[in-house]
Every structure is written in C-alpha cells, then in structure tokens.
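Please read the structure below before turning to the comments.
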Amino acid sequence: QVQLVESGGGLVQAGGSLRLSCAASGRTFGINAMGWFRQAPGKEREFVAAIRWSLGITNYADSVKGRFTLSRDTDKITVYLQMNSLKPEDTAVYYCAFRYNDYGTSKYDYWGQGTQVTVSS
C-alpha cells in the first residue's frame with residue numbers, strides 16, 4: 001500500500017500562485033511516476049502534470065504549460081506543483097497520484113484524497 005498526503009490548496013485571486021505538495025509513504029520502492037489530476041464541478045477528472053521518477057522528466061496538460069511546474073524530492077518521495085498565473089478555470093479539486101509502471105496517461109495505482117484549489121476572479 002502507498003499513502004499519499006496532499007497539502008497546499010486554498011483560495012487565491014486570479015493571477016496569484018499556490019504550491020501543492022504530495023508526500024508518498026509506504027511501499028514506494030519501484031515508483032515509476034507521480035502526477036496531478038484535477039476535477040472541477042460537473043466535469044470529468046483531467047490530467048494536469050506528471051513526472052517520471054528516475055529521470056525527472058515532466059509532462060503537462062496544454063492548459064497549464066508555462067504556468068505550472070512540477071518537481072520532485074527523491075529522498076522524501078514528494079512532489080511539488082508550483083502553480084503560477086492562476087485562472088478561475090483552474091478551480092478544482094486536485095488529486096495526487098502514484099504508479100509503479102507506465103500504464104498510460106491516466107492510469108495510476110494510488111490516489112490521494114484531494115485538495116481544493118479555488119481561484120477567484
């Protein structure tokens with residue numbers, strides 16, 4: 001089992017910044033990647049960003065490229081999502097995810113509980 005603890009959500013004005021953190025614990029050996037997804041009210045969950053653990057390679061959704069930056073701390077098994085130039089359409093519950101293998105963009109083995117991000121206009 002892997003436990004994921006997210007933090008850093010909150011309320012911010014448009015144009016502001018937030019930093020989300022997600023710490024993994026438990027059976028983390030063999031990690032392939034960690035990622036962030038988000039789900040806005042009435043919408044399906046969508047991919048935001050992911051990082052391949054061994055090489056630190058990142059990929060982003062087009063909607064956040066140039067504004068969000070994903071990084072990792074390999075000692076703490078923690079990822080950080082720095083979100084800048086936030087827009088009201090970024091409002092959603094953000095979920096951290098963990099996987100052991102590359103199954104494809106949206107398939108992960110474990111999910112966090114989610115943290116609310118609200119961007120006011």
Side-chain angles (χ1 to χ4, degrees):
Q1 288 282 350
V2 171
Q3 295 77 43
L4 301 173
V5 178
E6 300 138 329
S7 60
L11 173 63
V12 65
Q13 288 188 331
S17 299
L18 283 175
R19 187 195 196 207
L20 305 184
S21 300
C22 176
S25 62
R27 198 170 68 88
T28 59
F29 180 79
I31 178 176
N32 169 267
M34 290 182 70
W36 286 94
F37 291 74
R38 66 188 183 186
Q39 187 167 19
K43 295 187 177 181
E44 293 189 354
R45 185 173 62 193
E46 63 175 2
F47 170 76
V48 175
I51 187 165
R52 299 286 184 96
W53 206 254
S54 59
L55 297 177
I57 297 172
T58 54
N59 63 302
Y60 299 91
D62 288 343
S63 58
V64 306
K65 279 181 182 175
R67 300 188 298 122
F68 290 12
T69 302
L70 182 59
S71 60
R72 77 196 192 298
D73 183 324
T74 56
D75 291 333
K76 296 179 180 179
I77 317 297
T78 298
V79 291
Y80 305 96
L81 184 66
Q82 178 66 43
M83 305 186 295
N84 298 328
S85 302
L86 283 161
K87 305 175 182 179
E89 50 264 44
D90 294 318
T91 295
V93 177
Y94 283 69
Y95 296 92
C96 176
F98 173 106
R99 69 185 186 193
Y100 292 112
N101 291 291
D102 187 354
Y103 308 113
T105 301
S106 299
K107 191 175 184 331
Y108 281 72
D109 296 293
Y110 296 96
W111 295 84
Q113 293 298 307
T115 185
Q116 178 70 45
V117 171
T118 303
V119 184
S120 63
S121 57

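To the nearest 0.5 Å, the span separating CD1 on Ile51 from CG on Leu70 amounts to 5.0 Å. In this structure, CZ on Arg27 lies 11.0 Å from CD on Gln3, to the nearest 0.5 angstrom. Atom CD of Gln113 sits about 11.0 Å away from atom SG of Cys22, to the nearest 0.5 Å. Taken from OH in Tyr60 to CG in Leu81, the straight-line distance is 7.5 Å, to the nearest 0.5 Å. Rounding to the nearest 0.5 Å places OG of Ser54 at 7.5 Å from CG of Asn32. The structure places OG1 of Thr28 at 11.0 Å from OH of Tyr110, a figure rounded to the nearest 0.5 Å.
Looking at Glu6 and Tyr94, their side chains never come closer than 4.5 Å, going by heavy atoms from C-beta outward. Annotation: side chain of Tyr95 is not in contact with side chain of Leu4 (no heavy-atom distance under 4.5 Å). Arg99 is not listed as a side-chain neighbour of Asn101, based on a closest heavy-atom distance of 4.5 Å or more. Proximity of Val117 to Leu20: side-chain heavy atoms (C-beta onward) are separated by under 4.5 Å at one or more points. Looking at Tyr80 and Thr69, their side chains never come closer than 4.5 Å, going by heavy atoms from C-beta outward.
Note on Val2 and Val79: same hydrophobic cluster, where clusters join Ile, Leu, Val, Met, Phe, Trp and Tyr whose side-chain heavy atoms are under 4.5 Å apart, directly or indirectly. Cluster annotation: Tyr100 is connected to Met34 through the hydrophobic network of ILVMFWY side chains, with a link wherever side-chain heavy atoms come within less than 4.5 Å. Note: the hydrophobic cluster containing Phe68 does not contain Val93 (ILVMFWY, side chain heavy atoms under 4.5 Å, direct or indirect links).
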Determine whether Arg45 and Trp111 satisfy the following criterion, side-chain contact (heavy atoms from CB on, under 4.5 Å), listing intermediate values before the conclusion. CA-CA 12 Å; Arg45 185 173 62 193; Trp111 295 84; 3.6 Å; yes

Tell me, with the steps shown, if Thr91 and Gln116 meet side-chain contact (heavy atoms from CB on, under 4.5 Å). CA-CA 8 Å; Thr91 295; Gln116 178 70 45; 4.0 Å; yes

Criterion side-chain contact (heavy atoms from CB on, under 4.5 Å) on Tyr108 and Phe37, from CA distance to verdict: CA-CA 11 Å; Tyr108 281 72; Phe37 291 74; 3.5 Å; yes

Please step through side-chain contact (heavy atoms from CB on, under 4.5 Å) for the pair Ser63 and Arg38, ending with a clear verdict. CA-CA 12 Å; Ser63 58; Arg38 66 188 183 186; 3.5 Å; yes

Could you walk me through whether Tyr103 and Asp109 pass side-chain hydrogen bond (donor to acceptor under 3.5 Å, both in side chains), step by step? CA-CA 9 Å; Tyr103 308 113; Asp109 296 293; 3.1 Å; yes

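Here the shortest heavy-atom pairing between Ala92 and Ala40 reads CB-N, 3.8 Å. Shown here for Ser121 and Pro88, the closest heavy-atom pair between the two residues is CB-CG, 3.8 Å.
Looking at Lys87 and Asp90, no side-chain N of the basic residue comes within less than 4.0 Å of a carboxylate O on the acidic one, giving no salt bridge.
Side-chain atoms of Arg67 come within 3.5 Å of backbone atoms of Ser85 as a donor-acceptor pair (strictly under, hydrogens ignored).
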